[in-house]
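One structure is given here, and the rest of the page talks about it.
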Amino acid sequence: MAKVITPRSEDYSRWYTDVVLQAGLADYSPVRGCMVIRPLGMAVWENMQKGLDRRFKETGHENAYFPLFIPESYLRKEKEHVEGFAPECAVVTHGGGEKLEEPLVVRPTSETIIYSMYAKWIQSYRDLPILINQWANVVRWEMRTRLFLRTMEFLWQEGHTAHATEAEAEEEAIKMMNVYHAFASEEMAVPCLRGVKTDAEKFAGAVRTYCIEALMQDNKALQAGTSHNLGQNFARAFEVRYQTEAGGLEYVWNTSWGASTRLIGALVMAHSDDQGLVLPPRLAPTQVVVVPIFKESERETVVRAMDDIVRSLSPEIRVKGDARDGVRPGFKFNEWEMKGVPLRLEVGPRDLAAGQVTAARRVSAPGAAPAKTTLPIAGLRESVPALLEEIQRSLYDQAADRLRRNIRPVDTYDEFKQILDEIGGFLQAHWCGRAACEARIKDETKATIRCIPLDPAPEPGRCLLCGEASTRRAYFARAY
RNA sequence: CGGGACGUAGCGCAGCCUGGUAGCGCACCUGCUUCGGGAGCAGGGGGCCGGAGGUUCAAAUCCUCUCGUCCCGACCA
C-alpha cells in the first residue's frame, strides 16, 4: 500500500476504505449502498460464524431459517417496532407481473415473522423455552452507507427466544450480551464495554437493550452487538401464549439478539495500520504464509523445503505456501501484509543451511521494534501455534490498553466538549436520566450515551448538563 | 432534501484558466535479465474526455441544460 495515512489523521475514513478495498475484503456494487463481499471478507465472516455458532450451541440454541419476505401488516402489529423500522424498509409491491394484494416487506429484522410462527408452535409451558438463531441477510434502506459498517443489505445472525418467565428472558438477554463480549475479546481481540442502552437508543419494540461497544483507532465508538429483552411486547402483538402448569394462560417473554458483518468493519478499524489489514490469528483465513526465496538454480530445493513446512503445519494451522513465479519476495511480503496474514515464514538458502526459517510477525509486540526472528525448522509444529497465540494475545492487549487509556471521567460540560473535540474516546459522565438532557447533549456535541454499565459502583453526582442529582455515570462517545 | 466537490484508459490523476492530432503513473500483454522488502530494460494493447445542445474553421477545454458519483448534515447494526 503506497499510502501513508495514519489512523488518527483526518483521512481516517479514507484510510479505512483503502484498507478494505486493497486487502480485497469487499468491493462496491453497481447498486448504491450495497456491497460485494469478496472471498477474503467472506472467509473472515465464516470464521466469525464458526466462533459465534459454537457459543450459541454451547448455550443451548439451534439454527432455523425464516422467510425473507414479511407481509406488511405483520410489521404494523407492534407499534414502536413499525415506527422504528418503517422508514428504512424496502417494500415489494409487484410479483409475477401483477400488483400484489398486500405489499411484502424485505425483512429489516425478523421479529414479526418469527413470533408469528412461535404463536403456532407454543401451546404449553412444556414447549418453552424456544431458543432459535438464524443466519440471514437483512435490508435497511440507509441514506448514507460505508463498507461493512453500514450497507443497505448485510449479513447477520439474529437469535429469537421465548421464555415462560420474565426473569428467564432477562437472564437470556444478559447471557447473550456476554457471549458477544467473550467472542469479541477472545476471537476478534477487540475489547468492548458492556451495558444497557437508554430508552432513546434502545431497539424499537424492546423493553431493554443490552450492547457491547468497541472503540476504534480514531477514538469513535462502534456498537458491535445488541441483545434485547423484548418483554411481552411481541407476544401480545402476535398472540404468543402458553398454558401454565397451573392451567392459566400467559403471554411468553421474548429476547432477540444480533451481530452482523459490521464486526468485520470493527475488526479493521480496531487493528489495521498503514500497511493494510491486520487480522487476529483466530479469525485469519490464512494464519501463516511461507515465502520461498531463491535464485533459479536453488529453486527446487527451496520450494521443496517450503512444501515440507506447509505440510507439517497443516491442517492444524491454516498455512499457505507462495511459490508464485515472476513475483519477487519483497512484493509478496507487502502483499500478504496488506491482506493481514498474522505470521510470515521466509525460507531461503541461508535459512536452510542453518536449519531455520525467518519469522516476521504482521504486528510486533507493543513497544518492540518490528524485527524478524528465526525459528528452527525442526520445532515449527510447536513454535508456530505458540507464536500465533502470542500474537492473538498481544493484539488484544494493545487494544485493551488503548481502550483503558481512552475512558475518562468527566464532570463539567466544558471539559466534556473539549475532550470530545480534542481526544474522543469514552467519557464517563453523570446523567440525571432524563431524555431531554440526553437529547440536548447529542444535539450540541454529537455524543450519545453508548451504554450504562450494569453494575455501577454507586457514586452520587450531578448531571453533566442540568446539575440534577445522579447516582451513576454513563458512557458517552461519538459513534459510527 | 440542504451545503460542498468531482465526472478524461481497469484504478489513480494531469491537461481546461489562455480552444489547434488524448497524456502520465499503476495495472495488463510479449521478450530478456532478475529474485533476502513493492525489479530493470525494450516493445505492445487499451479512450465517443458522463450525456445532449450551443459558440467556433476547429471543443476534453468556452456557454447552457441534463445525468451520475463522492464528501459534510438529517436516518442507522
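Throughout, protein chains are lettered first and strands after them, A, B, ... in sequence-line order, and every chain is numbered starting at 1. The analysis underlying the following values was restricted to heavy atoms, covering all of them including side chains, and did not include hydrogens, waters or symmetry mates.
Evaluation of the ring-ring contact (aromatic ring centres under 6.0 Å, His included) test over residues 254-273 of chain A, restricted to residues two or more places apart or in two chains, returns A:Phe56-A:Trp257, A:His61-A:Trp257. For residues 199-214 of chain A, every residue pair satisfying the salt bridge (charged side-chain N to carboxylate O under 4.0 Å, His left out) rule, not counting sequence neighbours, is listed here: A:Glu170-A:Arg208, A:Lys197-A:Glu213, A:Asp199-A:Lys202, A:Glu213-A:Arg450. Listed by first and then second residue, the side chain to side chain donor-acceptor pair (under 3.5 Å) pairs that reach into residues 348-357 of chain A are A:Asp351-A:Thr358, sequence neighbours excluded.
In this structure, of B:G37, B:A77, B:C75, it is B:A77 that holds the atom nearest to the side chain of A:Arg262. The side chain of A:Asn334 has B:G37 as its nearest neighbour among B:C75, B:A77, B:G37.
When heavy atoms are screened at a 4.0 angstrom cut-off, A:Leu263 is found touching no nucleic acid atom at all. Within 4.0 Å (heavy atoms only), A:Thr17 reaches no atom of the nucleic acid at all. Nucleic acid contact class of A:Ser260 (heavy atoms, under 4.0 Å, all strands): base.
In a base pair of the Watson-Crick type (N1 to N3 plus N6-O4 or O6-N4) or a G-U wobble (N1-O2 and O6-N3), with each distance short of 3.5 Å, B:G45 is matched with no nucleotide. In a base pair of the Watson-Crick type (N1 to N3 plus N6-O4 or O6-N4) or a G-U wobble (N1-O2 and O6-N3), with each distance short of 3.5 Å, B:C62 is matched with B:G54. Both distances falling under 3.5 Å, in either a Watson-Crick or a G-U wobble arrangement, place B:G7 opposite B:C67. Using Watson-Crick or G-U wobble geometry with both donor-acceptor distances under 3.5 Å, B:C13 finds its partner in B:G23. Of all nucleotides present, none satisfies the Watson-Crick or G-U wobble test against B:G36 with each distance under 3.5 Å. Summarising the base pairing, B:C1 is matched to B:G73 through a Watson-Crick or G-U wobble pair whose two defining distances lie under 3.5 Å.
A donor N or O paired with an acceptor N or O is found under 3.5 Å between the base of B:G37 and the side-chain atoms of A:Glu337.
In this structure, A:His81 has its ring center closer than 6.0 angstrom to the ring center of A:Phe234.
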For nucleotides 31-36 of chain B, print each protein N/O atom paired with a nucleotide N/O atom at under 3.5 Å, atom names and distance only.
from  : atom 1 : to       : atom 2 : distance (Å)
B:C35 : O2'    : A:Phe294 : O      : 3.1
B:C35 : N4     : A:Glu296 : OE1    : 3.3
B:G36 : OP1    : A:Arg328 : NE     : 3.4
B:G36 : OP1    : A:Arg328 : NH2    : 3.1
B:G36 : O6     : A:Gly348 : O      : 3.4
B:G36 : O6     : A:Pro349 : N      : 3.1
B:G36 : O6     : A:Arg350 : N      : 2.7
B:G36 : O6     : A:Asp351 : N      : 3.3
B:G36 : N1     : A:Asp351 : OD2    : 2.5
B:G36 : N2     : A:Glu346 : OE1    : 3.4
B:G36 : N2     : A:Asp351 : OD2    : 3.0
B:G36 : N2     : A:Thr358 : OG1    : 3.1

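One can place CZ of A:Arg146 at 16 Å from P of B:A77, the figure rounded to the nearest angstrom. One interatomic measurement links the two molecules: CE of A:Met152 to C1' of B:C75, which rounds to 13 Å at whole-angstrom precision. Atom pair A:Glu88:CD and B:A77:C1' shows a separation of 10 Å (rounding to whole Å applied). The distance from atom CH2 of A:Trp45 to atom P of B:A77 is 16 Å, rounded to the nearest whole Å. Atom NE2 in A:His81 sits roughly 12 Å away from atom P in B:A77 (whole-Å rounding). Rounded to whole Å, atom P of B:G37 lies 21 Å from atom CZ of A:Arg361. The nearest whole Å value for the distance from the CD atom in A:Glu335 to the P atom in B:A39 is 11 Å. Rounded to an integer number of Å, the gap from A:His228 NE2 to B:A77 P is 8 Å.
Nucleotides B:C26 and B:C71, compared at atom P, are 28 Å apart to the nearest Å. One C1' atom belongs to B:G15, the other to B:G23, and the distance between them is 7 Å to the nearest Å. To the nearest whole angstrom, the two C1' atoms, one in B:U55 and one in B:C62, are 8 Å apart. Taking atom P on both nucleotides, B:A58 is separated from B:G4 by 36 Å, rounded to a whole Å. Here, B:G50 and B:G44 have their C1' atoms 29 Å apart, quoted to the whole Å. Rounded to a whole angstrom, the distance from the C1' atom of B:U18 to that of B:G40 is 41 Å. Remark: the separation of the P atoms in B:G45 and B:U66 is 41 Å, to the nearest Å. Comparing B:U21 with B:C17, their P atoms are spaced 14 Å from each other, to the whole Å.
With sequence neighbours excluded, no residue forms a salt bridge (Lys or Arg N to Asp or Glu O under 4.0 Å) with A:Glu62. In this structure, the salt bridge (Lys or Arg N to Asp or Glu O under 4.0 Å) partners of A:Arg362, at least two apart in sequence or on a different chain, are A:Asp273.
Cation-pi geometry between A:Arg146 and A:Tyr480 is not met: the NZ or CZ atom fails to fall both under 6.0 Å from the ring centre and inside 45° of the normal.
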Intermediate values then yes/no, side-chain hydrogen bond (donor to acceptor under 3.5 Å, both in side chains), A:His160 and A:Tyr115: CA-CA 8 Å; A:His160 295 272; A:Tyr115 298 132; 3.1 Å; yes
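Judged by centroid separation below 5.5 Å and plane tilt below 30°, A:Phe154 stacks onto the base of B:A77.
Toward the 5' end of RNA chain B, the nearer of the two residues A:Met143 and A:Gly33, judged by each one's closest nucleotide, is A:Gly33.
With respect to the salt-bridge test (charged N to carboxylate O, under 4.0 angstrom), the residues A:Arg54 and A:Glu58 qualify.
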